[in-house]
Undergrad: 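Before I ask anything, let me first share the structure, which is written out below as structure tokens.
In what follows, chains carry the letters A, B, and so on, assigned in the order in which the sequence lines appear, proteins first and then strands, with residues in each chain numbered from 1. In what follows, every heavy atom counts, from backbone to side chain, and hydrogens, waters and symmetry copies are set aside.
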There are 2 protein chains.
Amino acid sequence: MDNYSSDQERTAAFARALGHPARIAIVEHLAQTRACVCGDIVDVLPLAQASVSQHLKTLKSAGLVKGEVEGTSVCYCLDERGWQDAQRLLGRLASTAVECCGSAR
Amino acid sequence: MDNYSSDQERTAAFARALGHPARIAIVEHLAQTRACVCGDIVDVLPLAQASVSQHLKTLKSAGLVKGEVEGTSVCYCLDERGWQDAQRLLGRLASTAVECCGSAR
DNA sequence: CGCATCCATCGTATTATCACGATGAATATA
DNA sequence: TATATTCATCGTGATAATACGATGGATGCG
């Protein structure tokens, strides 16, 4: 359970949550229509309602998306705090990407 | 096969490639020891050699890592071009993360 | 109350991921 | 040529992810 550091686990968890085009599409859609969108996500995606709900659950448990009950429907939006963490962790990885063998030798 | 845009597929592919702590650890190790490292990765990780090779293959086919044969061993390093793409695609996602329901209402 | 709508969850089938030992290809060295 | 080293690939088993229809709970409306 702890062969990897906490940051490594968390970075991987964020990446894994984004590791499906449907979830990328959900995030993009939530970011575009800045207001909270509800079940419209189902109409945008080529997936059944149950599958969309499953993807939303994945994003929610990763801390990237929040959901608020609003009457009979549920209102989703991006979770700013989770995105800050993800940006920090993933950005730190990308910034250190320096090539070596191809050019140096 | 093409229900999602090319960028969405590519973003998800990068994210999925990073969606495992072992691969995060590999990337970090390659970034730290800026020079190319070879089978030392096996010593660093709590995995068998075959498993490490499998993770390296995943990173390689995602375009995040390059491998160069160097005698009897293989020299790995980060692929700068792939990381630029990943940074652009993932960064574009994170930058648009604006909260809504919690604060706005 | 009765009924529709919206969404989560369950059950399930299919497919992919992960990890390992075993084997094989390629190179270096004796 | 023989032997060792390094790594990739194969085969396999276990676990997780994906997608769907079906079901159920909650809310809103007539």
Side-chain angles (χ1 to χ4, degrees), chain A residues 1-4 8-9 11-27 29-30 33 35-62 64-77 101 105, chain B residues 1-4 8-9 11-27 29-30 33 35-62 64-77 101 105:
Chain A
M1 226 322 191
D2 54 350
N3 280 318
Y4 304 103
Q8 286 170 340
E9 297 274 9
T11 308
F14 278 130
R16 177 177 234 137
L18 296 175
H20 195 287
R23 293 195 285 271
I24 298 290
I26 289 176
V27 167
H29 189 254
L30 288 181
T33 77
C36 303
V37 199
C38 326
D40 312 318
I41 306 174
V42 178
D43 302 331
V44 176
L45 295 187
L47 292 175
Q49 179 264 326
S51 307
V52 173
S53 186
Q54 204 173 11
H55 284 302
L56 282 168
K57 185 182 178 184
T58 302
L59 288 169
K60 233 190 320 187
S61 33
L64 292 172
V65 155
K66 289 192 299 187
E68 271 188 4
V69 179
E70 191 140 333
T72 172
S73 59
V74 178
C75 177
Y76 284 104
C77 63
C101 31
R105 289 184 185 270
Chain B
M1 229 319 190
D2 55 349
N3 280 318
Y4 303 103
Q8 286 170 342
E9 296 275 10
T11 308
F14 278 130
R16 195 162 57 239
L18 296 175
H20 193 286
R23 293 195 286 271
I24 297 289
I26 290 176
V27 166
H29 189 255
L30 290 181
T33 77
C36 304
V37 198
C38 325
D40 311 319
I41 306 174
V42 178
D43 301 332
V44 177
L45 295 187
L47 292 176
Q49 178 263 326
S51 307
V52 173
S53 186
Q54 202 174 15
H55 284 303
L56 283 168
K57 185 183 179 184
T58 302
L59 288 169
K60 232 191 320 187
S61 33
L64 292 172
V65 155
K66 289 192 300 186
E68 271 189 3
V69 180
E70 191 140 332
T72 173
S73 59
V74 178
C75 176
Y76 284 103
C77 64
C101 30
R105 289 184 183 270

Undergrad: Return the value, rounded to whole Å, for the distance between atom CG of A/Leu45 and atom P of D/dC20.
TA: 11 Å

Undergrad: Would the base of C/dA8 count as contacting A/Gln54 through its side chain, where contact means a donor and an acceptor less than 3.5 Å apart?
TA: no

Undergrad: Specify the separation, in whole Å, of atom CD of A/Glu70 and atom C1' of D/dT27.
TA: 13 Å

Undergrad: How many whole angstroms separate atom NE2 of B/His55 from atom P of D/dT9?
TA: 15 Å

Undergrad: What is the separation between atom CD1 on B/Ile26 and atom C1' on C/dC18, rounded to the nearest whole Å?
TA: 13 Å

Undergrad: Would you check if B/Val74 and B/Leu56 make a side-chain contact, meaning some heavy-atom pair closer than 4.5 Å?
TA: no

Undergrad: Between A/His20 (NE2) and D/dT18 (P), how many Å, whole number?
TA: 5 Å

Undergrad: Roughly how far, to the nearest 0.5 Å, is CD1 of B/Ile41 from CD of B/Gln49?
TA: 11.0 Å

Undergrad: Could you state the interatomic distance from CG (B/Asn3) to CD (B/Glu9), rounded to the nearest 0.5 Å?
TA: 8.5 Å

Undergrad: Across the strands shown, which category fits A/Ala50 at heavy-atom distances under 4.0 angstrom: base, sugar-phosphate, nothing?
TA: base

Undergrad: Between C/dC18 atom P and B/Ile24 atom CD1, what is the distance in whole Å?
TA: 12 Å

Undergrad: On DNA chain C, compare the nucleotides closest to B/Gly19 and A/Ser51; which residue's is nearer the 5' end?
TA: A/Ser51

Undergrad: Relative to the 5' end of DNA chain D, which residue comes earlier, A/Arg16 or A/Gln49, by the nucleotide with the nearest heavy atom?
TA: A/Arg16

Undergrad: Would you find a donor on one side and an acceptor on the other, under 3.5 Å apart, between the side chain of A/Arg23 and the backbone of A/Leu59?
TA: no

Undergrad: Does A/Ser73 reach a base, just sugar-phosphate, or nothing at all? Heavy atoms under 4.0 Å.
TA: sugar-phosphate

Undergrad: Within less than 4.0 Å of OP1 or OP2 of D/dC7, is there a side-chain N or O belonging to B/Ser53?
TA: no

Undergrad: Roughly, in whole Å, what's the span from CG in A/Leu18 to C1' in D/dA17?
TA: 16 Å

Undergrad: Is a donor-acceptor contact shorter than 3.5 angstrom present between the side chain of B/Thr72 and the base of D/dT5?
TA: yes

Undergrad: Which is true for B/Leu56 with a 4.0 Å heavy-atom rule: it touches a base, it touches only sugar-phosphate, or it touches nothing?
TA: nothing

Undergrad: Rounded to the nearest 0.5 Å, what separation is found between the OH atom of A/Tyr76 and the NE2 atom of A/His29?
TA: 14.5 Å

Undergrad: Without decimals, in angstroms, what is the distance between A/Glu68 CD and D/dT27 P?
TA: 15 Å

